[in-house]
Protein chains: 2
Amino acid sequence: MLSKKSKYSIKALVYLAREYDKGPVLISHISESEHIPKKFLEAILLELKNAGILGSKKGFGGGYYLIKKPEDVKLTQVIRLTNGPIALLPCVSLNFYQRCEECVDEKTCGISQVAMQVRDATLAILENTSISDVLKKEQTPAKNRK
Amino acid sequence: MLSKKSKYSIKALVYLAREYDKGPVLISHISESEHIPKKFLEAILLELKNAGILGSKKGFGGGYYLIKKPEDVKLTQVIRLTNGPIALLPCVSLNFYQRCEECVDEKTCGISQVAMQVRDATLAILENTSISDVLKKEQTPAKNRK
DNA sequence: CAATAGTCTATTAATCCGATAGAGTTTATA
DNA sequence: TATAAACTCTATCGGATTAATAGACTATTG
């Protein structure tokens, strides 16, 4: 499951993608429009800025804006940043690998083999979905849910 | 990410699948062999019993054993039981659905559309992988990791 | 009846999550 | 240059969850 932080991040980025190239956007605008607690959002945006995705301008007329192009911000990057590993198990994570303490031999561990399959299937989607893709989806509503 | 509980559950079930039809197995045997804290494992096995997957026998010569056939225990069932939702977001979960508070309209939410894709890809694997499949994988080591 | 082994209740420490408070710093502009 | 706007930083908070442990209890078997 994604954390709220992660979900909020994506929502905020999509919002900023909609305003791309229109100058800085106020935290409070995003907060109100997307129903995200303002102080929480502050921390999130700061983190996205430190990661090089957003830029900010202080003072009067300031705000946050996308520094990278919407199509260059992949969901994998955002999720890893705000939520951590994408894999089901640390021992199959590409970016957050940690040895499995219980395992005698990772190679013969059946669970990790399944976890790898899931990881690859998930990455295939998230690697190829950018913030601009998400924005596009919003504009063409889903045909059928579930 | 899967919780330790979930991972331990699967490891224990695979162990019991290996001993399928050979009578009850001691908690302490599983605990030692799989490096799972005994008391924690106790609670887990009890839960799997209450879910109808395992049976138990008390007293001398007692222990736990699989009640369902290894090929009938799907990973989806075990994970939902011990870890909760499989989906990335509650609003696209089939078994643990919860409305998304921030969303004005779920149908036009781009994130949930992506989350649905991921959910379906994940389920396609986990629905079709049983404890006996995991056991088989252990016997034929992975060719190439990562 | 005694030893074995699962059952139940409860408590714990540690961690993380989501959220908030408040002081500080930078900047535009009147 | 003073002021208000707006981001920045530190810090703290309650609550939930996770992982693990302790101990008393109950059922079974030889």
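For the numbers below, each heavy atom of this structure counts, side chains included, while hydrogens, waters and symmetry mates do not. Computed from a predicted structure; not experimentally measured. Labels below follow one simple rule: chain letters A, B, ... track the order of the sequence lines, proteins then strands, and each chain is numbered from 1.
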Roughly, in whole Å, what's the span from NZ in K7(B) to C1' in dT18(D)? 14 Å

Base-contact (B) and sugar-phosphate-only (S) positions in nucleotides 12-23 of chain C, heavy-atom cut-off under 4.0 Å, - elsewhere: ------SSBBB-

From C-beta outward on K58(A), which listed nucleotide comes closest to its side chain: dT28(D), dT26(C), dC9(D)? dT26(C)

What's the CG-C1' distance between L26(A) and dA4(D), to the nearest Å? 13 Å

E47(B) CD to dG6(C) P: how many Å, rounded? 17 Å

Find the distance I44(B):CD1 to dG6(C):C1' and express it as a whole number of Å. 15 Å

Separation of E34(B) atom CD from dA19(D) atom P, in whole Å? 17 Å

Classify L45(A) by what it touches in the nucleic acid, base, sugar-phosphate, or nothing, heavy-atom distance under 4.0 Å. nothing

Test your reading of the model: is there a side-chain donor-acceptor pair from N128(B) to the backbone of A124(B), 3.5 Å cut-off? yes

Short question: side chain of E106(A), backbone of C100(A) - any donor-acceptor pair under 3.5 Å? yes

Is it true that a side-chain atom of D133(A) and a backbone atom of S130(A) form a donor plus acceptor pair closer than 3.5 Å? yes

From CG of N50(A) over to P of dC7(D), roughly how many Å is that when rounded to an integer? 15 Å

May I ask you to decide if V118(B)'s main-chain N or O and T122(B)'s side chain share a donor-acceptor pair within less than 3.5 Å? yes

If only atom types and distance count, is the side chain of T129(A) paired as donor or acceptor with the main-chain N or O of I125(A) below 3.5 Å? yes

Just by distance, do the side chain of T82(A) and the backbone of V78(A) share a donor-acceptor pair under 3.5 Å? yes

Within the side chain of N83(A), is there an N or O that forms a donor-acceptor pair under 3.5 Å with the backbone of S6(A)? no

Tell me: NE2 of H35(B) to P of dA20(D), nearest whole Å? 14 Å

I need the CG-P distance between L46(B) and dG6(C), as an integer number of Å. 11 Å

Can you work out whether F60(B) or S56(B) has the more 5'-proximal nearest nucleotide on DNA chain C? F60(B)

